[in-house]
There are 2 protein chains.
Amino acid sequence: MAKTDTRIQKKNQATIMQAGLEVFSQFGFRGSTLDQIAKAAGMSKPNLLYYFKSKEAVYTALLARLLENWLEPLKAIDRDGDPVEQLLGYANRKLDMSRNFPRESRLFANEIIQGAPRIGDVLKGELKDLVDEIAVVINGWAAAGRIKPVDPYHLIFTIWSLTQHYADFDVQVRAILGGVDPFEGAQSHLDMTLRGLLQPT
Amino acid sequence: MAKTDTRIQKKNQATIMQAGLEVFSQFGFRGSTLDQIAKAAGMSKPNLLYYFKSKEAVYTALLARLLENWLEPLKAIDRDGDPVEQLLGYANRKLDMSRNFPRESRLFANEIIQGAPRIGDVLKGELKDLVDEIAVVINGWAAAGRIKPVDPYHLIFTIWSLTQHYADFDVQVRAILGGVDPFEGAQSHLDMTLRGLLQPT
DNA sequence: CGTGGGTTTGACCGATTGGTCAAATAATGC
DNA sequence: GCATTATTTGACCAATCGGTCAAACCCACG
């Protein structure tokens, strides 16, 4: 029953989620309409609802998939690696995600700005636990003198904001840079910022 | 004709803009409804439309007021002052705005994320000109060895993202910090980050 | 007072919203 | 080939959307 996903089912579900990502990331949940998503997916509204039982179902499916990819880089930090290398590697991975998946970043940003009504529990649960754990590691690094003493939580916020900014505020960044590719200079500037903050003198 | 704004007119216009800020900053333009705003303003929908001729009029009035306050701190940078002091002062002013006017920040964030359909011209015009001008000043500071050599544009983006993050992602920040006040540690961490990036060795 | 302006709102409008349903169509297994 | 199932959609629904309008209200000022 649950395993009978046809080729065509998989394809249409993927198409719908792609279309939903496009629309939701631009207008947020309440600002998006099923007609918009159906049109972007190239199918009729009833056909869309044949695969997802509601607008909310499309949205939560997108959020669920997103959260997996979102937490992954944080988990990938090597607690036994070189501190500066690990933290810069994490930041660069996040920056790559902003470059390659800007719509996912904006979908997430929209959800948070609107008060995270659907993922507040994840933030206070899984995400907080993960950050708490990393914070202990970072505090250990600082205590050992391997990085400068920093507040680990605000360090994490710093990395998040610096990287996601290029996806979420893409329009503004490009308006100011003119024709220059934002990600060209972003990476080296990000590295420089974090090195200045972390590297022991 | 244009000067006959009664006491009650001023009061109701202010009430409506307050309510509009509350609603728009949470749901964006398309996700907000006139009924919501009218209810938040404690008046009927036709009464609201007696003071603003459309939903769009409320929104653009809010954006116009916002943009003034938004550009002001950037203009206030003293081109002849101490570089590090001026840049840290600017960052701290922006952080104060995130603390004291988080809804304004989220209103702006919503508009940008959604592609800035109503203020794209301001971004590419007035804002870009202002940033270009500051960039020249910063490059001058760097050339004189008064700050480390940095890309002035990405430096500005850094300040924007670091400060606005605390308003725009407030829910996430508080979810992770638990009961701790975010702005407690934010300011010193921000200062440390920028000093590490700017201060010549 | 009372009257003329500014103010407020209930009722309503056409358009759009999320979602349903029965019927038509396409694919699949035998 | 044919029947069965999966897929697709036009037509439709109640609710909500932004906005209108005429009538009621209120409040100064003579």
Side-chain angles (χ1 to χ4, degrees), chain A residues 1-64 107 110-111 114 117-118, chain B residues 1-64 107 110-111 114 117-118:
Chain A
M1 260 301 170
K3 249 305 162 25
T4 52
D5 269 25
T6 357
R7 208 170 340 121
I8 191 166
Q9 277 176 342
K10 284 196 188 298
K11 189 197 69 176
N12 278 339
Q13 281 166 6
T15 302
I16 291 167
M17 286 183 71
Q18 181 75 5
L21 176 62
E22 186 69 32
V23 176
F24 283 132
S25 67
Q26 202 174 134
F27 302 109
F29 179 74
R30 296 197 33 177
S32 304
T33 73
L34 278 176
D35 293 281
Q36 270 181 297
I37 301 170
K39 187 179 178 182
M43 64 182 67
S44 66
K45 189 169 57 173
N47 198 15
L48 188 156
L49 287 164
Y50 175 71
Y51 292 102
F52 289 86
K53 75 171 196 289
S54 68
K55 174 184 171 183
E56 178 111 18
V58 181
Y59 188 72
T60 53
L62 278 167
L63 269 186
L107 182 78
N110 261 312
E111 176 69 13
Q114 302 186 2
R118 294 152 226 277
Chain B
M1 259 299 170
K3 250 307 164 20
T4 52
D5 268 25
T6 357
R7 207 172 340 119
I8 191 166
Q9 277 176 342
K10 283 196 187 299
K11 190 197 68 178
N12 279 339
Q13 281 166 5
T15 302
I16 291 167
M17 288 185 69
Q18 183 75 4
L21 176 62
E22 187 68 33
V23 176
F24 282 132
S25 68
Q26 201 174 135
F27 302 108
F29 179 73
R30 295 198 33 179
S32 304
T33 74
L34 278 175
D35 292 281
Q36 270 181 297
I37 301 170
K39 188 178 177 182
M43 64 181 68
S44 67
K45 189 168 57 173
N47 199 16
L48 188 157
L49 287 164
Y50 175 71
Y51 292 101
F52 289 86
K53 75 171 198 290
S54 67
K55 174 184 172 184
E56 178 108 20
V58 181
Y59 189 73
T60 54
L62 279 167
L63 270 186
L107 181 78
N110 261 313
E111 175 70 12
Q114 301 185 3
R118 293 152 227 276

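Proteins get letters first, then strands, A, B, ... in listed order; numbering begins at 1 in each.
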ask   = For A/L48 and A/N12, what are the C-alpha separation, side-chain angles and deciding distance, and is it a side chain to side chain contact (heavy atoms under 4.5 Å, CB included)?
value = CA-CA 8 Å; A/L48 188 156; A/N12 278 339; over 6 Å; no

Residue pairs, two or more places apart or on separate chains, that pass salt bridge (Lys or Arg N to Asp or Glu O under 4.0 Å) and touch residues 46-55 of chain B = none

query = Between the main-chain N or O of B/R118 and the side-chain N or O of B/E111, is there a donor-acceptor pair closer than 3.5 Å?
reply =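 Yes.
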
Does [X] have a side-chain nitrogen or oxygen under 4.0 Å from the phosphate oxygens OP1 or OP2 of [N]?
X: A/N47; N: D/dT9; result: yes
X: A/N12; N: D/dT8; result: yes
X: A/Q9; N: D/dT7; result: yes
X: B/Y50; N: C/dT8; result: no
X: A/Y51; N: D/dT8; result: yes

Could you list the protein-to-nucleotides 21-29 of chain C atom pairs, N/O on both sides, closer than 3.5 Å?
from	atom 1	to	atom 2	distance (Å)
C/dT28	OP1	A/R7	NH2	3.4

ring-ring contact (aromatic ring centres under 6.0 Å, His included) pairs, two or more places apart, involving residues 12-42 of chain B =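 Residue pairs with at least one partner in residues 12-42 of chain B: B/F24-B/F29, B/F24-B/Y59, B/F29-B/Y59.
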
Validation row: B/T33, B/V23 side chains within 4.5 angstrom (heavy atoms) =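 No, every pair of side-chain atoms sits at 4.5 Å or beyond.
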
task = Decide yes or no for A/I16 and A/M43: does some side-chain heavy atom of the first lie under 4.5 Å from some side-chain heavy atom of the second?
result = yes

query = What pairs with B/Q26 under side-chain hydrogen bond (donor to acceptor under 3.5 Å, both in side chains), at least two apart in sequence or on another chain?
reply =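 Here no residue qualifies.
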
request  = Could you pull out all residues at least two apart from B/T60 that satisfy side chain to side chain contact (heavy atoms under 4.5 Å, CB included)?
outcome  = B/E56

Heteroatom pairs (N/O) under 3.5 angstrom, protein to nucleotides 14-18 of chain C:
from	atom 1	to	atom 2	distance (Å)
C/dG18	OP1	A/S32	O	3.0
C/dG18	OP1	A/L34	N	3.4
C/dG18	OP1	A/K55	NZ	3.1
C/dG18	OP2	A/L34	N	2.8
C/dG18	N7	A/K45	NZ	3.1

note = note: A/M43, atom CE; D/dG10, atom P; distance rounded to Å ~ 13 Å

